[in-house]
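Counting from 1, the numbers follow the sequence of the chain as shown. Only heavy atoms go into these numbers, but all of them, side chains included; no hydrogens, no water, no symmetry mates. In this text, all values refer to a predicted model and were calculated from it rather than measured experimentally.
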Amino acid sequence: MAKVGETEPAQAAAAAAARSGILPCQAIAELIAAGEIRAAEDGLQELVQPASLDLRLGPRAYRVRASFLPGRGRPVAERIAEFSMHEIDLSGGALLEVGCVYIVPLVESLALGPQVSGMANPKSSTGRLNVFTRLIVDGAEQFDVVPAGYRGPLYAEIAPNAFSILARSGGCVNQLRFRRGRPGMADSALQRLHREVGLVGEAAGTGDTAQIRKGLVFTVDLRGIGGGRLAGFKAKRHADVIDLSRIGHYDPAEFWDPIPASARGELILDPNEFYILASRETVRIPPDYAAEMVPYDTQIGEFRVHYAGFFDPGFGWDPDKEVGTRAVLEVRSHDVPFLLQDGQPVGRLEYHPLAARPDRLYGAGIGSHYHGQTLTLSKHFKPWGN
């Protein structure tokens with residue numbers, strides 16, 4: 001029974017907010033209304049995504065000598081004062097160079113309740129430019145983690161690795177998910193969900209079905225998407241600056257070398273080079289779930305896959321078609337050349353239940369840039385071949 005003066009929709013919203021899980025867009029809006037998410041500028045509601053919040057760069061950046069975590073009990077501002085080399089004004093746009101580390105105080109801040117925590121990731125377009133981006137909070141001993149009940153400012157660590165970028169205050173390079181409890185799914189529950197709704201479409205030309213081991217395993221496609229001639233892209237060295245505010249502006253051939261599909265199904269990753277590849281599997285995220293891409297196993301090879309790991313509810317989802325959408329893989333090899341083979345497991349998706357179904361889903365209806373993607377570069381580039 002609703003409390004006196006409380007409407008049934010308000011009661012339902014309160015009940016959903018109390019459930020454990022990833023918070024959907026309407027619950028994030030409630031956090032904003034309650035003052036648990038704050039901002040030094042207007043426009044907070046416009047940053048709300050189906051299951052996350054985009055975070056905006058503030059007007060200042062600091063070039064620092066090294067990446068750091070502040071450590072328990074220490075504010076980030078104190079460490080910036082120790083390690084800062086110079087301050088940069090982002091209000092009119094400023095160059096952030098490859099090989100340098102920057103700390104940017106964000107517009108948003110938090111005053112979370114004791115049951116709400118957060119986890120951050122780079123936005124997809126940030127990861128596809130190999131701009132290493134992580135969230136830092138006061139007292140942090142881990143990147144990209146906001147502890148339950150956190151009250152304080154937010155900071156982005158930004159380290160361009162492939163292309164120098166032009167960044168402006170108000171631009172968004174990372175995003176934050178909120179959660180109650182520790183939502184997760186055992187493999188047995190994930191298997192049941194796959195049987196019910198189908199979490200992957202059929203792997204292209206292979207007849208493979210879902211591999212579920214500590215999440216949904218995905219593999220790399222090196223034989224060409226849909227039988228095509230292109231398997232991926234490799235970032236060019238010494239390319240021009242990319243202005244993050246320019247969408248569909250740049251000729252991709254000036255920044256990327258194409259990787260032809262391999263008849264042998266093999267690709268040798270060069271050390272410290274950056275690649276855009278795609279999964280063989282097509283992924284489906286049901287409306288009541290969100291997912292995060294995580295490394296498959298640090299012992300499978302000297303490379304890292306995916307700098308931007310959030311998959312929103314509705315990604316690749318069409319209730320009438322079990323097709324799905326491929327995952328684009330941001331791959332960087334480490335210290336030695338490494339042979340990558342077609343069909344090799346390179347990562348896994350961890351599915352997390354939402355506290356409630358979101359009011360809107362990822363897709364063309366809300367202007368999502370990577371809805372229905374195949375082998376897609378960041379939104380800053382024109383389509384390949386145009």
Item to check | Evaluation steps, side-chain contact (heavy atoms from CB on, under 4.5 Å), between Phe218 and Leu329 | outcome: CA-CA 10 Å; Phe218 60 89; Leu329 311 177; 3.4 Å; yes
Checklist entry - Given Val48 and Ile32, is the side-chain contact (heavy atoms from CB on, under 4.5 Å) satisfied, shown in steps? => result CA-CA 10 Å; Val48 179; Ile32 294 173; 3.8 Å; yes
Item to check | side chain to side chain donor-acceptor pair (under 3.5 Å) evaluation trace for Ser52 with Arg177 | outcome: CA-CA 4 Å; Ser52 63; Arg177 272 187 181 166; 5.4 Å; no
Checklist entry - For Phe163 and Asn130, what are the C-alpha separation, side-chain angles and deciding distance, and is it a side-chain contact (heavy atoms from CB on, under 4.5 Å)? => result CA-CA 7 Å; Phe163 311 113; Asn130 197 16; 5.9 Å; no
Item to check | Trace of the side-chain contact (heavy atoms from CB on, under 4.5 Å) decision for Tyr289 with Met185 | outcome: CA-CA 10 Å; Tyr289 295 84; Met185 295 188 71; 3.5 Å; yes
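Nearest heavy atoms, Pro252 versus Leu377: CB-CD1, 3.6 Å. Leu166 and Gly93 make their closest contact through CD1-C, 4.0 Å (heavy atoms, listed as atom of the first residue, atom of the second, distance). Listed here is the closest heavy atom pair of Val146 and Ser117: O-CB, 3.3 Å. Closest approach of Met293 to Ala327, counting heavy atoms only: CE-CB, 3.7 Å. Shortest non-hydrogen contact noted between Leu154 and Leu55 is CD1-CD2, 4.2 Å. The two residues Pro287 and Pro358 have their closest heavy-atom pair at O-CD, 3.1 Å.
Under a 3.5 Å cut-off, the side chain of Glu157 and the backbone N or O of Ile136 do not form any donor-acceptor pair. With hydrogens and angles disregarded, a donor-acceptor distance shorter than 3.5 Å links the side chain of Asn121 to the backbone of Gly309. Distance alone, capped at 3.5 Å, places no donor-acceptor pair between the Glu97 side chain and the Pro160 backbone. The main-chain N or O of Val76 is never found under 3.5 Å from a side-chain atom of Arg79 such that the two would form a donor-acceptor pair. Looking only at distances, a side-chain donor or acceptor of Gln344 sits under 3.5 Å from a matching main-chain atom of Gln341. The main-chain N or O of Leu244 is found under 3.5 Å from a side-chain atom of His380 such that the two form a donor-acceptor pair. Looking at Asp144, its side chain never comes within 3.5 Å of a backbone N or O of Met119 through a donor-acceptor pair. A distance-only check finds a donor-acceptor pair linking the side chain of Asp342 to the backbone of Leu222 [under 3.5 Å]. Although no hydrogens or angles enter the test, the distance criterion places no donor-acceptor pair under 3.5 Å between the side chain of Arg60 and the main chain of Leu90. Judged purely by atom type and a 3.5 angstrom limit, Arg284 uses its side chain to pair as donor or acceptor with the backbone of Gly198.
Taken from OH in Tyr155 to OG in Ser109, the straight-line distance is 10.0 Å, to the nearest 0.5 Å. In this structure, CG on Leu96 lies 4.5 Å from CD1 on Ile165, to the nearest 0.5 angstrom. Residue Glu141 holds its CD atom at 12.0 Å from CZ of Arg74, rounded to the nearest 0.5 Å. Remark: Ser262 OG to Asp221 CG distance equals 11.0 Å, nearest 0.5 Å. One distance of note links CG of Leu23 with CG of Leu53; it measures 11.5 Å at 0.5 Å rounding. Taken from CZ in Arg19 to CG in Leu354, the straight-line distance is 10.5 Å, to the nearest 0.5 Å.
For Glu78, the CD atom counts as densely surrounded, since its 6.0 Å shell holds more than 12 non-hydrogen atoms of other residues, nucleotides or ligands. By the neighbour-count criterion of 12 heavy atoms within 6.0 Å, atom CD1 of Ile268 is sparsely surrounded, having that number or fewer from other residues, nucleotides or ligands. Glu87 CD: more than 12 foreign heavy atoms inside a 6.0 Å radius. More than 12 heavy-atom neighbours from other residues, nucleotides or ligands sit within 6.0 angstrom of CD on Glu266. By the 6.0 Å contact criterion, NE2 on His86 is enclosed, its count of non-hydrogen atoms from other residues, nucleotides or ligands being greater than 12.
The side chain to side chain contact (heavy atoms under 4.5 Å, CB included) test with Phe233 singles out one residue from Phe255, Trp384, Tyr275, and that residue is Trp384. Applying side-chain hydrogen bond (donor to acceptor under 3.5 Å, both in side chains) to Lys123 and the options Asn174, Asp54, Thr133 leaves one that passes, Asp54.
Contact annotation: the side chain of Leu199 approaches that of Tyr351 to within less than 4.5 Å [non-hydrogen atoms, C-beta and beyond]. Arg179 is not listed as a side-chain neighbour of His352, based on a closest heavy-atom distance of 4.5 Å or more. Inter-residue side-chain proximity for Pro260 and Arg229 is flagged as unmet; no heavy-atom pair is nearer than 4.5 Å. Proximity of Leu277 to Leu340: side-chain heavy atoms (C-beta onward) are separated by under 4.5 Å at one or more points. No side-chain heavy atom of Asp243 sits less than 4.5 Å from a side-chain heavy atom of His249. By the 4.5 Å heavy-atom criterion applied to side chains, Ile158 and Leu57 are counted as neighbours. Side-chain contact check for Leu110 versus Ile37: some heavy-atom pair is nearer than 4.5 Å. You'll find the side chain of Pro183 stays beyond 4.5 Å of the side chain of Ser20, heavy atoms only.
Clustering ILVMFWY residues whenever any of their side-chain heavy atoms sit less than 4.5 angstrom apart, transitively, puts Leu69 in a cluster other than the one holding Val145. Val173 and Ile276 fall within the same hydrophobic cluster, where Ile, Leu, Val, Met, Phe, Trp and Tyr residues are linked whenever their side-chain heavy atoms come under 4.5 Å apart, directly or through other members. Transitive grouping of hydrophobic side chains (ILVMFWY, heavy atoms separated by less than 4.5 Å) keeps Val101 and Val241 in distinct clusters. When hydrophobic clusters are built by joining Ile, Leu, Val, Met, Phe, Trp and Tyr residues whose side-chain heavy atoms come closer than 4.5 Å, directly or via intermediates, Val64 is grouped together with Phe143. If you chain together hydrophobic residues whose side chains sit under 4.5 Å apart, Leu135 and Val116 fall into the same group.
Under 4.0 Å is where a charged nitrogen must lie from a carboxylate oxygen, and between Glu254 and Lys236 no such pair does. Under a 4.0 Å N-O distance rule, the pair Glu273/Arg237 qualifies as a salt bridge.
The aromatic rings of Phe315 and Tyr362 sit tilted relative to each other, their planes meeting at an angle between 30° and 60°. Under the 30°/60° scheme for interplanar angles, the aromatic rings of Trp256 and Phe274 are found to be tilted.
Residues satisfying the salt bridge (charged side-chain N to carboxylate O under 4.0 Å, His left out) test with Glu350, not counting sequence neighbours, are Arg348.
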